[in-house]
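Have a look at the structure below, then the notes.
Numbered from 1 within each chain, the chains take letters A, B, ... in sequence-line order. Since the model is a prediction, treat every value here as computed from it, not as a measurement.
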2 protein chains.
Amino acid sequence: MSKAERLIEMMITINAKKDFTAGELADEFSVSKRTILRDLQELEQAGFPIYSEVGAAGGYHILKERILPPVAFSESEAKAIFFACQALQFYRDLPFEQETISVLKKFLNCLPLDVQNSITQIQNKIVFWIPDRHCDSPLLKSMFHIAINCHAATIRYSSTYSERTRTIIPVGLYAMNGLWYCPAYCTTAHQIRVFRVDRIKEIIEEKPCPKGNYPIPASIREYLEKTGPKNDCRIKIQLTDTGVKRCESESFLAGGLKTFSTGGGIIDMEINHASLEWVADYILPFGNNATVLEPAELTELMRQKIYELHQHYCK
Amino acid sequence: MSKAERLIEMMITINAKKDFTAGELADEFSVSKRTILRDLQELEQAGFPIYSEVGAAGGYHILKERILPPVAFSESEAKAIFFACQALQFYRDLPFEQETISVLKKFLNCLPLDVQNSITQIQNKIVFWIPDRHCDSPLLKSMFHIAINCHAATIRYSSTYSERTRTIIPVGLYAMNGLWYCPAYCTTAHQIRVFRVDRIKEIIEEKPCPKGNYPIPASIREYLEKTGPKNDCRIKIQLTDTGVKRCESESFLAGGLKTFSTGGGIIDMEINHASLEWVADYILPFGNNATVLEPAELTELMRQKIYELHQHYCK
DNA sequence: TAGAATAATGACAGAAGTTGTCACTATTCG
DNA sequence: CGAATAGTGACAACTTCTGTCATTATTCTA
């Protein structure tokens, strides 16, 4: 094994161990302790953040942030990294320090000039756009740590209708369409609810998760993909061609959408009863491009809304 | 300069040059040609993709993809890269090969075990969620190349109401909420329109951009942030508290939203006349939580819609 | 307090690796 | 054919690396 190889291997080993002695490494790499000491000195000079303590219980330790062994990326991988970072750049808040992402731009300077240009050119043409939300989520980082540590939190939450104090056990966080959401088991309502992080006004207390058996998914992905509330209400809505097109833009309803070769289509799906209100609001602007077939409750809801609108606008 | 340093420098130089001869490099690094030949052999054995041609006009060339010189990342930078890549993982289509992103996972294996675990743990708790759109954009990659090359394209496009053939000059592409959009100068309509990439049914022809002076923004970002259609219509909509909360979720209208300390608020902004229809549809479900103050045209539009609904649902 | 374990440094000789030179072959282009 | 190129082999000079030994200093533990 050449010296260069050994140095790289050493970086990996050191990062993995965090704490070690010169003697250990000497055994591991089958070289003398003296050589290891020289190597460590070299790594240190190259900026590798290790420090040492002499004495019987002494040894080497990693100082601050670990530096990972150098990785050689191919051109297209490098481009992909920039793409990915670009996808985050329009988020107002991220659950970790934004500087970390921007530091990655040092990477850009390592690339050959023509690649730099091609990346700039691509960034002129492609954007992962997120509508600007005008609302900050100052507690995002705190909620992130609570979720990671599987803690519970007592929060002051301002919902559409009221402001309340609740104790929640977060499942995790997800960003959608520029807003951050936190599905969490609410110990007040005894079920999983979704909280908008920008509407959490205050974290009153963070504490270890109280003991007990809560039906909380193991990962946020699992929550998003599989669970969610029970579907206990069947809806059938007939659509015209125009109605179908509009509906395709909405992921939730599009899931139950079937189109007819003769034109038009139908939404036929099971939904949560609590979503009925949302469905009514969603198809209201469809006008006569949508016709509610089932349930009668939905038709009634539509009529109520129309009546209310009629009163409000037509006096 | 040590051998190791020289090899790294050589990788950079080679990548920058793409074509070179052993003699050139020998001069550049002030070593003998023989040494360079030995170095090149070593790089080749390490997997560096170069090939050579003997003969008077011969030399070395880069084969396939360039491999960039190794970069050492810190732990938090590495985490950030994974975050960023995660932000892309729910896109059905990306304008470049998806494998590129997943290949990056080789990177994960280079990390110390505990970091791998912490990344996994974070990925269990954080997701950049994009609603599943049920509609593919098979022509995304083609549109990407057309946009990058500043070409024009003749497309068959299926809008909400009709299917037409148009010749467009793309400004670029943007992804929003899981769908890809292509703002482009339409040579049929003589203005910039936004096309949904999944609704482009066919690219009939790609050709160089026809000469002429088109009012096309230099970058997609510029388009999204600054331009957009002219605002020629003022709207004023009064909102209750509930109306304000609902409105805050919508970036476009939230831009013109002012809230009163006494409760409630008002949307007061200039919009494009063509957006009136959209505004009407948007605030229709607000019921009496929204009251249109201006313009009369909007009130009239609302009344029409309500009338239509009344006919449709209340017979 | 002595002893063991640790880091750190210096000197030096032998081992290992690197480099330049020279000689040579083979290929390609004009 | 001649010039320019890649590629290989041998070898000596040079450089770097490594192990050994000796030494100092620090810290913990028995």
Side-chain angles (χ1 to χ4, degrees), chain A residues 1-67 69-70 72, chain B residues 1-67 69-70 72:
Chain A
M1 181 186 263
S2 79
K3 187 190 168 192
E5 282 177 276
R6 193 181 58 231
L7 285 178
I8 291 178
E9 284 293 317
M10 262 174 76
M11 284 199 265
I12 298 173
T13 312
I14 290 172
N15 271 321
K17 279 180 190 279
K18 284 181 165 177
D19 303 299
F20 58 94
T21 67
E24 270 170 53
L25 286 193
D27 282 350
E28 202 162 326
F29 289 101
S30 313
V31 291
S32 70
K33 208 175 121 187
R34 184 70 185 87
T35 303
I36 292 292
L37 285 170
R38 277 190 281 239
D39 286 351
L40 287 175
Q41 206 165 36
E42 219 168 294
L43 285 181
E44 225 172 342
Q45 273 169 13
F48 209 80
I50 45 178
Y51 77 106
S52 56
E53 273 173 1
V54 294
Y60 288 85
H61 311 277
I62 288 180
L63 182 70
K64 286 187 197 166
E65 264 243 307
R66 294 186 271 187
I67 290 186
Chain B
M1 182 185 266
S2 81
K3 189 190 169 191
E5 282 179 277
R6 192 180 59 233
L7 284 178
I8 291 177
E9 284 292 318
M10 260 174 79
M11 284 199 265
I12 299 173
T13 311
I14 290 172
N15 270 321
K17 278 182 189 278
K18 283 182 168 176
D19 303 299
F20 58 94
T21 67
E24 270 170 53
L25 285 194
D27 283 349
E28 202 162 324
F29 289 101
S30 314
V31 291
S32 71
K33 208 175 117 187
R34 185 71 185 86
T35 303
I36 291 293
L37 285 170
R38 278 190 281 239
D39 287 351
L40 287 176
Q41 209 166 34
E42 220 168 295
L43 284 181
E44 225 173 341
Q45 273 169 12
F48 209 80
I50 44 177
Y51 76 107
S52 56
E53 273 172 3
V54 295
Y60 288 84
H61 311 278
I62 288 181
L63 181 71
K64 287 186 199 164
E65 265 244 308
R66 295 187 270 190
I67 289 185

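Comparing A:Gly58 and A:Glu42 along DNA chain D, the residue whose closest nucleotide (by nearest heavy atom) sits nearer the 5' end is A:Glu42.
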Which is it for A:Thr13 and A:Phe20 under the side chain to side chain contact (heavy atoms under 4.5 Å, CB included) test, yes or no, and what are the steps along the way?
-> CA-CA 9 Å; A:Thr13 312; A:Phe20 58 94; over 6 Å; no
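In this structure A:Thr35 satisfies the side chain to side chain donor-acceptor pair (under 3.5 Å) test together with A:Ser32, sequence neighbours excluded.
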Contacts table for residues 37-49 of chain B: side-chain donor-acceptor under 3.5 angstrom, sequence neighbours left out:
unit_1: B:Asp39; atom_1: OD1; unit_2: B:Arg6; atom_2: NH2; d: 3.2
unit_1: B:Asp39; atom_1: OD2; unit_2: B:Arg6; atom_2: NE; d: 2.7
unit_1: B:Asp39; atom_1: OD2; unit_2: B:Arg6; atom_2: NH2; d: 2.9
unit_1: B:Glu42; atom_1: OE1; unit_2: B:Lys3; atom_2: NZ; d: 2.8
unit_1: B:Glu42; atom_1: OE2; unit_2: B:Lys3; atom_2: NZ; d: 3.0

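A distance of 11.0 Å separates NZ of B:Lys33 from CD1 of B:Ile36, quoted to the nearest 0.5 Å. Note that CG of A:Asp19 is 13.0 Å distant from OH of A:Tyr60, once rounded to the nearest 0.5 Å. Note that the CD1 atom of B:Ile67 and the CD1 atom of B:Ile14 stand 11.5 Å from one another [nearest 0.5 Å].
Side-chain contact check for A:Met1 versus A:Ser30: every heavy-atom pair is 4.5 Å or farther apart.
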Nucleic acid footprint by protein, nucleotides 19-30 of chain C - heavy-atom cut-off 4.0 Å, B for base, S for sugar-phosphate alone = BBB-----BBS-
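Of the side-chain N and O atoms in A:Tyr51, none sit less than 4.0 angstrom from OP1 or OP2 of C:dA8.
Closest approach of B:Tyr51 to B:Ile62, counting heavy atoms only: CE2-O, 4.1 Å.
For the helix from C:dT1-D:dA30 to C:dG30-D:dC1, the rotation axes defined at the first and last 5 base pairs enclose an angle of 30°, given to the nearest 10°.
You can see that DNA chain D meets the heavy atoms of chain A within a 4.0 Å-exclusive cut from D:dC17 to D:dC28, reading 5' to 3'.
The stretch residues 12-25 of chain B touches DNA chain D through B:Thr21, B:Ala22, each having a heavy atom under 4.0 angstrom from the strand.
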